[in-house]
Novice: 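A single structure is presented below for examination.
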Amino acid sequence: MDTFDKLVDQLLNEFNVEDRNDPAFYDYAVIFVQQLKQRNLVPPGVDVRKTAMQIVKDQYYNYIDVNDNVSFKVSFFFDNKDPTPNNLRVEVDNLLNDDPPKMIENTHEEESIDEIVDFLDTASREAEQKSGEV
């Protein structure tokens, strides 16, 4: 086996999530929390590092907007049977109604984080508009 094959194999093994302390997942969680902060979807005092570590530990994040009555659970699922680096699947469940969960499969791309945050941002804005109309 040549050096290139060894490096590729090592890279695939590093991306494959055997335990929940995977650095790639931690980085994913950090970017996720940073984007929530940038869009003012979480209080400014939220500690990015602690929140990301909690996401890695729990494998979910509860997004709750008390003012607009919005509550979502963002769950991170790993398929350990899949040896590819892209074995993370994200589901966003609305905890207040029975809508089917939003599924995000292309998590190897950073755009998947944008997709999650856009979904939460849109839901909050829609709820804010509805509460303003009532």
Novice: Between Ile116 and Tyr61, does a side-chain contact (heavy atoms from CB on, under 4.5 Å) hold up when you go through it step by step?
Specialist: CA-CA 11 Å; Ile116 299 166; Tyr61 176 78; over 6 Å; no
Novice: Using the side-chain contact (heavy atoms from CB on, under 4.5 Å) definition, which of the options Thr122, Ile31, Leu41 pairs with Val117?
Specialist: Leu41
Novice: Please lay out, stage by stage, how Ile55 and Phe25 fare under the test side-chain contact (heavy atoms from CB on, under 4.5 Å).
Specialist: CA-CA 9 Å; Ile55 290 171; Phe25 180 47; 4.1 Å; yes
Novice: I need the Phe76 CZ to Leu88 CG distance, nearest 0.5 Å.
Specialist: 7.0 Å
Novice: Under 4.5 Å between side-chain heavy atoms, hopping through other hydrophobics if needed: is there a path connecting Tyr60 to Val92?
Specialist: no
Novice: Out of curiosity, Glu115 CD to Glu105 CD, how far, rounded to the nearest 0.5 Å?
Specialist: 10.0 Å
Novice: Grab the two heavy atoms, one from Leu96 and one from Asn69, that are nearest each other, plus how far apart they are.
Specialist: CD1-O, 3.1 Å
Novice: Do Tyr26 and Val46 share a hydrophobic cluster, counting only Ile, Leu, Val, Met, Phe, Trp and Tyr and linking them when any side-chain heavy atoms are less than 4.5 Å apart?
Specialist: yes
Novice: As an exercise, state the distance from CD of Glu128 to CG of Asn67, rounded to the nearest 0.5 Å.
Specialist: 8.5 Å
Novice: Can you list everything that forms a side-chain hydrogen bond (donor to acceptor under 3.5 Å, both in side chains) with Asp93? Sequence neighbours excluded, please.
Specialist: none
Novice: What residues, two or more places apart in sequence or in another chain, satisfy side-chain hydrogen bond (donor to acceptor under 3.5 Å, both in side chains) together with Asn97?
Specialist: Asn94, Asp99
Novice: Give me each pair satisfying salt bridge (Lys or Arg N to Asp or Glu O under 4.0 Å) with a member in residues 33-49, each pair once, sequence neighbours excluded.
Specialist: Arg39-Asp118, Arg39-Asp121
Novice: Heavy atoms only: give me the nearest Val70-Ala127 pair and the separation to one decimal.
Specialist: CG2-CB, 3.3 Å
Novice: Just verifying a value: how many Å separate Asp65 CG and Leu120 CG, rounded to the nearest 0.5 Å?
Specialist: 10.0 Å
Novice: Could you check Ile104 against Phe119 for side-chain contact (heavy atoms from CB on, under 4.5 Å), going step by step and ending with a plain yes or no?
Specialist: CA-CA 11 Å; Ile104 300 167; Phe119 180 80; over 6 Å; no
Novice: Looking only at the side chains, is there a donor atom on one of Ser124 and Tyr63 sitting less than 3.5 Å from an acceptor on the other?
Specialist: yes
Novice: Can you list the steps and then say if Thr51 with Leu36 is a side-chain contact (heavy atoms from CB on, under 4.5 Å)?
Specialist: CA-CA 11 Å; Thr51 306; Leu36 289 174; over 6 Å; no
